[in-house]
Protein chains: 2
Amino acid sequence: MFPKTIGMPPPKQKIETPDPLDVPKAVVNRLSLYLRELRHLLRAQKMTVSSSELGSLLGFTDAQVRKDLAYFGHFGHPGIGYRCEELINAIRSILGTDQEWTVAMVGIGNLGRALLGYRGFADQGFHVVAAFDSDPEKLHRQIEGVPIYHMDRLTEIVRQHNIRLGLICVPATTAQKVADRLVEAGVAGIVNFAPVTLSLPEEISSVGVDLSTELEQLSFSVANRDHSR
Amino acid sequence: MFPKTIGMPPPKQKIETPDPLDVPKAVVNRLSLYLRELRHLLRAQKMTVSSSELGSLLGFTDAQVRKDLAYFGHFGHPGIGYRCEELINAIRSILGTDQEWTVAMVGIGNLGRALLGYRGFADQGFHVVAAFDSDPEKLHRQIEGVPIYHMDRLTEIVRQHNIRLGLICVPATTAQKVADRLVEAGVAGIVNFAPVTLSLPEEISSVGVDLSTELEQLSFSVANRDHSR
DNA sequence: TACTGTGAAACGGTTCACAGCC
DNA sequence: GGCTGTGAACCGTTTCACAGTA
């Protein structure tokens, strides 16, 4: 059930790290949701939470919550449940959001500007330190405190700030070109808001967010009345 | 493998409709991706596509593509593949995007305004016909041709236009209240951009889009170098 | 008593492999 | 030959049920 390596686990580590490839994607997704819920709970002065409480808040079973967390270590206290603050720290460490991430945004259209104004990113440790556009009209200004540069300076600035993530907010037609530039500049991960499938090298992680796709899922549910969620 | 009812299938229907609850959520998601890819192909004058071509464009196996489509009918032509235009129409019909959907947007902050300017919605048949905000500053103007109303008029306008979907673009703290108002007004589905879990009646479909969650998935992949996607 | 952690069973989705068709 | 549609095998995830712990 744990790493394929037969050796014993290291003496006593705070957070166990099974081969990440062994962790289902769905588990990582739920981790984010647990984290969100735990913050709400802590803000409401709740110090401790059981797997069944946390689960029912999100529509999951208690066993699922426990199994998910058990992939990474032993965070619970029998008879007590999970201490919210402790678990928050553990999940942040697992997700890697206990470190600060520097982010570049490419494309300062409607969506790009909106995201620059979104406080939620910084709250989770994601700092947009530079934005890029190829339209000379938009240059040399700052938006929401973020400096705007011409696309020509992408590699230079990415390296200078050691930027590790890129957000693609350009139209579908230019998204692949932008992705190639970001990869060349050395980012490790990409969030793609354009409605196209990017082809990227193996070693680059990516997440696609397509708003039309989300609406289509909803349309299907409503049209077929499947009462989902 | 098909409906539990043992009777024979109806004589010859264009699109078979198994109990939607039997269709895995993941399948519906991929349908959206197929649709997106098919449009690109058709725009590039490709008339016909095989399951293996379509699959490899998206990183799926050929069998997966065929199985997914076979949930809904027999759209392929042995020896030929799938005709792009035909399949586009079939998928649109399955997803329900062959009909027009009227949409209300609530919350005209950064994100709300950006989405009002997003052309992609209208292209897929989603029409935002009214936007709402509780800030009197923002009233009586139009943005991107969409009229803005005060929240007080939500029920009235939703009923008047027979609006069926709602987009929640308000902060987390007010999202649940807005959701309750939308449900009361009679929408059938909700897209929630606020980082909270909504509690909704069974019969309302919903989709949550949380940008921080997406970034966290990416952060995990990069931090654990799992080369995902 | 109240709860976690976890093997084992159950479930559901994906892949395989091939019959059938153009 | 090329390709779809699909039962069956396979595999990964979820749920069950209970031993273990404070």
Side-chain angles (χ1 to χ4, degrees), chain A residues 1-4 9 12 15-16 18-31 33-34 38 46-56 58-84 86-87 90-91 226 228, chain B residues 1-4 9 12-13 15-16 18-31 33-34 38 46-84 86-87 90-91 226 228:
Chain A
M1 146 86 336
F2 244 42
K4 263 83 197 186
K12 187 63 186 181
I15 293 192
E16 298 169 34
D19 184 339
L21 290 167
D22 288 357
V23 180
K25 213 170 153 277
V27 171
V28 182
N29 234 300
R30 286 191 296 269
L31 245 35
L33 299 178
Y34 299 150
L38 286 163
K46 207 156 182 327
M47 290 301 122
T48 214
V49 75
S50 70
S51 57
S52 59
E53 286 176 298
L54 185 52
S56 67
L58 289 157
F60 306 137
T61 65
D62 56 338
Q64 175 120 73
V65 173
R66 292 197 301 277
K67 259 278 157 74
D68 285 350
L69 296 172
Y71 271 99
F72 304 96
H74 302 240
F75 307 119
H77 304 276
I80 304 291
Y82 299 85
R83 294 194 224 287
C84 293
E86 192 181 327
L87 190 51
I91 295 179
D226 76 351
S228 76
Chain B
M1 143 88 340
F2 243 43
K4 262 80 200 187
K12 186 62 187 181
Q13 230 176 332
I15 293 192
E16 298 171 31
D19 183 338
L21 290 166
D22 288 356
V23 180
K25 212 168 152 280
V27 170
V28 182
N29 235 300
R30 286 192 295 267
L31 245 35
L33 299 177
Y34 299 150
L38 286 162
K46 207 159 184 324
M47 291 300 124
T48 214
V49 72
S50 71
S51 57
S52 59
E53 284 177 298
L54 185 53
S56 67
L57 243 19
L58 289 158
F60 306 138
T61 65
D62 55 339
Q64 175 118 74
V65 173
R66 293 198 299 277
K67 257 283 158 70
D68 286 349
L69 295 172
Y71 272 100
F72 304 96
H74 302 238
F75 307 118
H77 304 276
I80 304 289
Y82 299 85
R83 294 194 224 286
C84 294
E86 191 181 328
L87 190 52
I91 295 180
D226 76 353
S228 76

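Note on naming: letters A, B, ... go to the chains in the order of the sequence lines (proteins, then strands), and numbering restarts at 1 for each one.
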Figure out the [atom1]/[atom2] separation between [X] and [N], and round it to whole Å.
{"X": "B/Glu53", "N": "D/dG2", "atom1": "CD", "atom2": "P", "result": "13 Å"}
{"X": "B/Asp68", "N": "C/dG12", "atom1": "CG", "atom2": "C1'", "result": "14 Å"}
{"X": "A/Phe72", "N": "C/dT4", "atom1": "CZ", "atom2": "C1'", "result": "17 Å"}
{"X": "A/Leu69", "N": "C/dC3", "atom1": "CG", "atom2": "P", "result": "16 Å"}
{"X": "B/Lys25", "N": "C/dG12", "atom1": "NZ", "atom2": "P", "result": "16 Å"}
{"X": "B/Arg83", "N": "D/dT4", "atom1": "CZ", "atom2": "P", "result": "12 Å"}
{"X": "A/Met47", "N": "C/dC3", "atom1": "CE", "atom2": "C1'", "result": "19 Å"}
{"X": "B/His74", "N": "D/dG5", "atom1": "NE2", "atom2": "C1'", "result": "7 Å"}

Any residue meeting side chain to side chain donor-acceptor pair (under 3.5 Å) with A/Arg66, in chain and number order, not counting sequence neighbours:
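Only A/Ser51, A/Asp62 meet the side chain to side chain donor-acceptor pair (under 3.5 Å) criterion with A/Arg66.
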Mind checking what makes side chain to side chain donor-acceptor pair (under 3.5 Å) contact with A/Tyr34, not counting sequence neighbours?
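Here the qualifying residues are A/Asp68.
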Closer than 4.0 Å, any side-chain N/O of A/Arg30 to the OP1 or OP2 of D/dT14?
yes
Side-chain N or O of A/Tyr71 less than 4.0 angstrom from OP1 or OP2 on D/dT14?
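Result: no.
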Any heavy-atom pair between the side chains of [Y] and [X] that's under 4.5 Å?
{"X": "A/Val65", "Y": "A/Leu69", "answer": "yes"}
{"X": "A/Tyr82", "Y": "A/Leu38", "answer": "no"}
{"X": "B/Asp22", "Y": "B/Tyr71", "answer": "no"}
{"X": "A/Phe75", "Y": "A/Ile91", "answer": "no"}

Can you run down the salt bridge (charged side-chain N to carboxylate O under 4.0 Å, His left out) pairs that involve residues 50-60 of chain B, sequence neighbours left out, and say none if there aren't any?
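Pairs touching residues 50-60 of chain B that pass the test: B/Lys46-B/Glu53.
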May I have all residue pairs that pass salt bridge (charged side-chain N to carboxylate O under 4.0 Å, His left out) and include part of residues 70-83 of chain A, sequence neighbours excluded?
A/Arg83-A/Glu86
If we fit an axis to the first five pairs and another to the last five of the helix from C/dT1-D/dA22 to C/dC22-D/dG1, what angle do they make, to the nearest 10°?
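End-to-end axis angle: 10°.
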With sequence neighbours excluded, what pairs up with B/Ser56 under the side-chain contact (heavy atoms from CB on, under 4.5 Å) test?
none
Could you write nucleotides 15-22 of chain D as a row of B, S and -, 5' to 3', where a protein heavy atom under 4.0 Å of any base atom gives B, of only sugar-phosphate atoms gives S, and otherwise -?
BBB--BBS
Quick one: label B/Ser51 by what it contacts on the DNA or RNA (base, sugar-phosphate, nothing), any heavy atom closer than 4.0 Å.
sugar-phosphate
